[in-house]
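Atoms within a ligand are numbered from 1 in the order they appear, just like the ligands themselves.
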Amino acid sequence: MAVLAGRLARRWCFGLLRSPTQVPALGLHAGSPTMGTSQKDFNDAVSQVKLLNEDPGNEVKLELYALYKQATEGPCNVPKPGMLDFINKTKWDAWNALGSLSKEAARQKYVDLVSSLSTSSESPSPEAPAADRKPPEGNSLVVTSEDGITTIRLNRPTKKNALTTQMYHDIVAALQAASKDESTITVLTGSGDYYCSGNDLTNFTHLSAGGPEEMARSGEVLLRDFVDCLIDFPKPLVAVVNGPAVGISVTILGLFDVVYATDRATFHTPFSHLGQSPEGCSSYTFPKIMGSSKAAEMLLFGKKLTAQEACARGLVTEVFPDGTFQKEVWARLKAYSKLPPNAMRISKQIIRNQEKEKLHAVNAEESSILRERWLSDECMNAIASFLSRKAKL
Ligand SMILES: CCCCC/C=C/CC(=O)SCCNC(=O)CCNC(=O)[C@H](O)C(C)(C)COP(=O)(O)OP(=O)(O)OC[C@H]1O[C@@H](n2cnc3c(N)ncnc32)[C@H](O)[C@@H]1OP(=O)(O)O
């Protein structure tokens, strides 16, 4: 966790820099000649970076960038990029952190760093054991239908199933299809050790030509549509919480009919930490489910609940031992899926219809408030700070 924010920042800042030959995209051009004895070594090192066999990783690329700028231009004296210009701000921070380091010392450090990289990339490391290798990011959402159950599985285990913008769209489409298919029950679950780490924080960095305002506006619309779809979902909706849950994956649980959790699961809504506010109708459902003071502890102070605590507060229906979680839960769901579908549908309608209008109104208000929050200094500072390793949850 200590390195989370920095890793996040560096991943999204340099996500496109997959190959070392792309380092010039950072601005690593062989610029004006540098003076001193290490001039030739420095120029050689600049060329060598482009020939490395292995990608040195974004942390190192950032270090190379900063040293290059210091070596060629001296201490950073250009204006600091704006708060939302995350990429250039991270690069600026790295360069600025070198302070008054002399050009010559920066050249030397650059040469030493490239030399250490060249040495390590010359000796091929043995292939990592399969367990240590991260699977490639494939389909982020997997939808299957079997035994009367449609399962929507969040499938980004290497990112703890964080929800990308595309995934919100895909979940809406999957729910719309599930509402019309042959299945009787619909399940949302996750792949790997997490249920879901909430909104993918890099969503905030994908600015279009319309800038932050446009990002906030389209975020509001997408959030409202996503939650509306859950409010209106006509069949029994079950969350199979296979591990820790964060943010929006927790708040929407109040819109599910049943929530089964492994005893490894935790429930965490760190909105204040992120300068944000509740969504998923949780400002209405949580006080209703657990009482206003318990809800405030979660939604205002970000108290993380264990599965047992969440069950005691009524957010979770039942907790299962992790070892038997999948077996027990799916056996139970298969049995439930054989119940008469129309009876279940009508029963759900009776229960939910009483408050549907209220839920839609709450959703619209929460989404609109979040749009403002996303543009606030508090939120921008919290996200920037989180992404640049100054804060962690
Ligand atoms: C339409 C828009 C709607 C918006 C609605 C708003 C919703 C609000 C929210 O959901 S707020 C909650 C946002 N989520 C977070 O703040 C969680 C951030 N993540 C973490 O705190 C941690 O990653 C963790 C506690 C979930 C897991 O920590 P752990 O140490 O076990 O694992 P790593 O940190 O190493 O994570 C593995 C990789 O996954 C990446 N990752 C995890 N969560 C997110 C995320 N939410 N967004 C982006 N990326 C995430 C993490 O960066 C690691 O990636 P790496 O391997 O490339 O370094």
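- Between Gly198, Gly247, Ser197, it is Ser197 that holds the heavy atom closest to atom 15 (C) of ligand 1.
- Within 6.0 Å of the NZ atom in Lys109, the count of heavy atoms belonging to other residues, nucleotides or ligands does not exceed 12.
- Defined by atom type and a distance below 3.5 Å, a donor-acceptor pair is present between the side-chain atoms of Asp170 and Gln166.
- Between the Ser368 side chain and the Ala364 main chain, no donor and acceptor come within less than 3.5 Å of each other.
- For ligand 1, the atoms closer than 4.0 angstrom to any heavy atom of Leu274 are 11 (S), 12 (C), 13 (C), 16 (O).
- Taking only nitrogen or oxygen atoms, main chain and side chain alike, Thr202 does not reach within less than 3.5 Å of ligand 1.
- Evaluated by nearest non-hydrogen atom to atom 7 (C) of ligand 1, the leading choice among His273, Glu366, Glu279, Met167 is Glu279.
- Atoms of ligand 1 found under 4.0 Å from any heavy atom of Tyr194 (numbered from 1 in listed order, with element): 24 (C), 25 (C), 26 (C), 27 (C).
- Taking a cut-off of under 4.0 Å to the non-hydrogen atoms of Ala162, the atoms of ligand 1 that pass are 44 (C), 45 (C), 46 (N), 47 (N).
- Around CD of Glu214, the count of heavy atoms belonging to other residues, nucleotides or ligands within 6.0 Å exceeds 12.
- Residue Leu201 places at least one N or O, backbone or side chain, under 3.5 Å from an N or O of ligand 1.
- Minimum heavy-atom separation, Tyr110 to Leu64: CE1-O, 3.5 Å.
- Counting the atoms of ligand 1 from 1 in the order shown, those under 4.0 Å from a heavy atom of Trp374 are 4 (C).
- A salt bridge links Lys160 with Asp193: the closest approach of a Lys/Arg side-chain nitrogen to an acidic carboxylate oxygen falls below 4.0 angstrom.
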